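Because the structure is a prediction, the values reported are computed rather than measured. Each chain gets a letter, A, B and so on, in the order its sequence line appears, and its residues count up from 1.
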Number of protein chains: 2
Amino acid sequence: MRRMTARPANAHQARLLRLLRDGGPNSRAQLGDQVDLSRSKLAVEVDRLLETRLVVADGLAASRGGRRSHNVRLNPHLRFLGVDIGATSVDVAVTNAELEILGHINQPMDVREGPVAVFEQVLAMAAKLKASGLAEGFDGAGIGVPGPVRFPEGVPVAPPIMPGWDGFPVREALSQELGCPVMVDNDVNLMAMGEQHAGVARTVADFLCVKIGTGIGCGIVVGGEVYRGTTGSAGDIGHIQAVPDGRPCACGNRGCLEAHFSGAALARDATEAAQQRLSAELASRLEANGTLSAVDVAAAAAAGDATALDLIREGGNRTGQVIAGLVSFFNPGLVVIGGGVTGLGHTLLAAIRTQVYRQSLPLATGNLPIVLGELGPTAGVIGAARLISDHLFSPA
Amino acid sequence: MRRMTARPANAHQARLLRLLRDGGPNSRAQLGDQVDLSRSKLAVEVDRLLETRLVVADGLAASRGGRRSHNVRLNPHLRFLGVDIGATSVDVAVTNAELEILGHINQPMDVREGPVAVFEQVLAMAAKLKASGLAEGFDGAGIGVPGPVRFPEGVPVAPPIMPGWDGFPVREALSQELGCPVMVDNDVNLMAMGEQHAGVARTVADFLCVKIGTGIGCGIVVGGEVYRGTTGSAGDIGHIQAVPDGRPCACGNRGCLEAHFSGAALARDATEAAQQRLSAELASRLEANGTLSAVDVAAAAAAGDATALDLIREGGNRTGQVIAGLVSFFNPGLVVIGGGVTGLGHTLLAAIRTQVYRQSLPLATGNLPIVLGELGPTAGVIGAARLISDHLFSPA
DNA sequence: CTACTTTTTCCACTCACAGGACAAAGGTGT
DNA sequence: ACACCTTTGTCCTGTGAGTGGAAAAAGTAG
């Protein structure tokens, strides 16, 4: 099949496409209930969308008491590629136009090998998904990278953990390779968009999405839109000082949140504890694998290991302190915790909640849910698909 | 004169009114250069505005080489009332529709006397301005209060320093008394709007405005619009923990920024230092007045008093630490420092800058100006006038 | 005074859209 | 099976917003 290249011709069409994306197949009448257009106007626009083949007929709709209506839906052959590049692994997924995941691959990887090597791997993964019959090509792709991005151009800027990526034209290069439109954003922002689209944040306009993985970042959503800041580095909370004169951090300062709690810090602390024989559980795991990661700490904690639990609680407290400050400042309607360390589960969440509810003022915390992300590792790729679909489903 | 009650009939008219507000008298042709409307359409809308008397003719425009054009301007009889209620004083000002201050009164006051007493005083001040011939009535009023506000209703909610104001229908009551539309907001947000309209933030879309007065708050502007948070308490940074296990704060926690640095904290620390004879300068001032305030500390510092300078520097460091975190999180294009303690001037600013530039990442601080507000005590009332004019100059 | 600019007014034309009339297609009750 | 109601889809005309060209009006420059 030749790929779709059509785009909505006006704001009405864009609106309809998004409704079909978020609400699945719909009859013209149902669409009419949502858009405040006259029936005639609506019919014209739907017909034009059918002509472009972005939208296709989809059988009869359920009866609402009178003449039955014919459903329309987004073309089921449309395919989006969602790519979530982490520090140590990549997720690549294929979705349909309704952003349902049709196939998903995760592979270990090292961003530090540079953009060329990484994208070679990503393209191979995409090819594998194609080969398995899920897609014949892609109509758009969203890419998440673990660092700040100059959003309009789709170019990473001065990413601390990705030497070699600074200024690399990710958007242009991938658009060339894939032969489709591409949008690039920070991985944390994509996670926020994912949870907003299909996760816990569906109904909230203003929220924070804290991702604790190898590093720590925070997606900021204002009025339903991701806020990226003046230079695209908004949400970079990993280097906020959490402990005065604390641990030295790679950034040159001391006491950064990331230096005290993150996937990397947790692995280091756990290894230390194991070597000092503070925890039999961790020590035996260290011997077995040669190294420890956040997963081991989670397992040890689940087995009731006191040292592991302490590590999690301590980290949660630090994180909670920082989040408490952000809550006072930003007054969000929801805080989502996600990323690799969500495996630490309720222990972590409880520690964070305790700090936030204790330190922030009642008016800000009164009705503030603090919850774990619902989508786990798929949040990023769903967010990526959402990013490109928002772009494509907007007036040209 | 009867007050204007007309409102713009559509978005074009609203746009034109704001252009005339921000740019002063303009010819039709100049307006046409700014709005992307056909000449005919523009002429129609301007004529309708002239009919409503919101806009009036204003002589010939400067020649641009051909036929000279007739200027139009906002009706010079329009009057807005700007009220900025602080913890210990009120500012009341009258502006024209271009938000130029025509008269301004400041009086000491105590918010804790409750809304009825305070508004009695405010109305008396407004009457005084009227009596001096500056206004025959008001076409709108903006009110700033030192606490969180449920913005759509114009009602303070759970304001810590304003017992007795919780739930008081400020907007409705004043609208009744003044006989004109009223909008209510947090005083810090108004300061931000003031600096945005006529001060240092004229060209910046995303910025923070930190007000250090009796308490500490922060106005947040996102994409040119004030962000108020889910419950209207966004920017409430006074109770972010600045010092672990620090001074006890009125809010029940310890180490809040406000407990360590604010007008109140500074006065207390200065008094302590004077009593302990650490500073001759402060001691003599304490003897002379019986009490010390931020103004005394500023004067002592200006005279070279080491203790006063230390107090300022220490406070600036604490504030700078908190701001550094906010800068990492929010990635603003500008940070404005304002409020009562701006009298502390460059010593304070230097301390804040040092902390922010040291603690935040280069990408966020690279091109980040941190400056004192330009408008001083008029920022609040200008912001108040701006608030109500934004409301009135929007489609009905 | 002439040539050129700029501004303003006038007018015909396009276009988006609303909303009513009507037809089509289904349910519901007798 | 039939009449009647409801919902849905289509057609068509009216309306108001807005565009853009032509020409008049009112200047400036030489």
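- Taking the ring centre of B:Phe151 as origin, the terminal cationic atom of B:Arg228 falls inside the region bounded by 6.0 Å and 45° from the ring axis.
- Between B:Leu50 atom CG and C:dT8 atom C1' there is a gap of 14 Å when expressed in whole angstrom units.
- Checked by atom type, the side-chain pair B:His77/B:Asn75 shows a donor-acceptor distance below 3.5 Å.
- Nucleotide C:dC10 holds its C1' atom 13 Å from the CG atom of B:Asp47, rounded to whole Å.
- Between the side chains of B:Arg21 and B:Ser389, at least one donor N or O lies within less than 3.5 Å of an accepting N or O.
- In the interface, the side chain of B:Arg68 is not paired with the base of D:dA26 through any donor and acceptor atom under 3.5 Å apart.
- Evaluation of atom-type donor-acceptor distances gives no pair under 3.5 Å for the side chain of B:Arg67 against the base of C:dT6.
- Whole-Å rounding puts the B:Arg39 CZ to D:dG20 C1' distance at 7 Å.
- With rounding to whole Å, B:Glu45 atom CD is found 16 Å from C:dT8 atom P.
- Remark: A:Asp47 engages A:Arg28 in a salt bridge, criterion side-chain N to carboxylate O under 4.0 Å.
- Residue A:Ser69 is classed as a sugar-phosphate contact, given heavy-atom separations below 4.0 Å to backbone atoms only.
- As rounded to whole Å, 11 Å separates atom P of C:dC15 from atom CZ of A:Arg48.
- Rounded to whole Å, atom C1' of D:dA26 lies 9 Å from atom NE2 of B:His70.
- Of the two residues contacting DNA chain C, namely A:Leu60 and A:Asn10, the nearest-nucleotide position lying further toward the 5' end is that of A:Asn10.
- Salt-bridge annotation for B:Arg18 and B:Asp22: absent, with no side-chain N of the basic residue lying under 4.0 Å from a carboxylate O of the acidic one.
- Taking atom CG of residue B:Asp36 and atom P of nucleotide D:dG20, one finds them 9 Å apart after rounding to whole Å.
- Rounded to whole angstrom, the span from the CG atom of A:Leu37 across to the P atom of C:dG19 amounts to 11 Å.
- Residue B:Arg28 is classed as a sugar-phosphate contact, given heavy-atom separations below 4.0 Å to backbone atoms only.
- Between A:Ser40 and D:dC11 there is no side-chain polar atom (N or O) within less than 4.0 angstrom of OP1 or OP2.
- For B:Lys41, counting side-chain heavy atoms from C-beta on, the closest listed nucleotide (D:dA22, D:dG18, D:dG9) is D:dG18.
- Between A:His12 and C:dC17 there is a side-chain polar atom (N or O) within less than 4.0 angstrom of OP1 or OP2.
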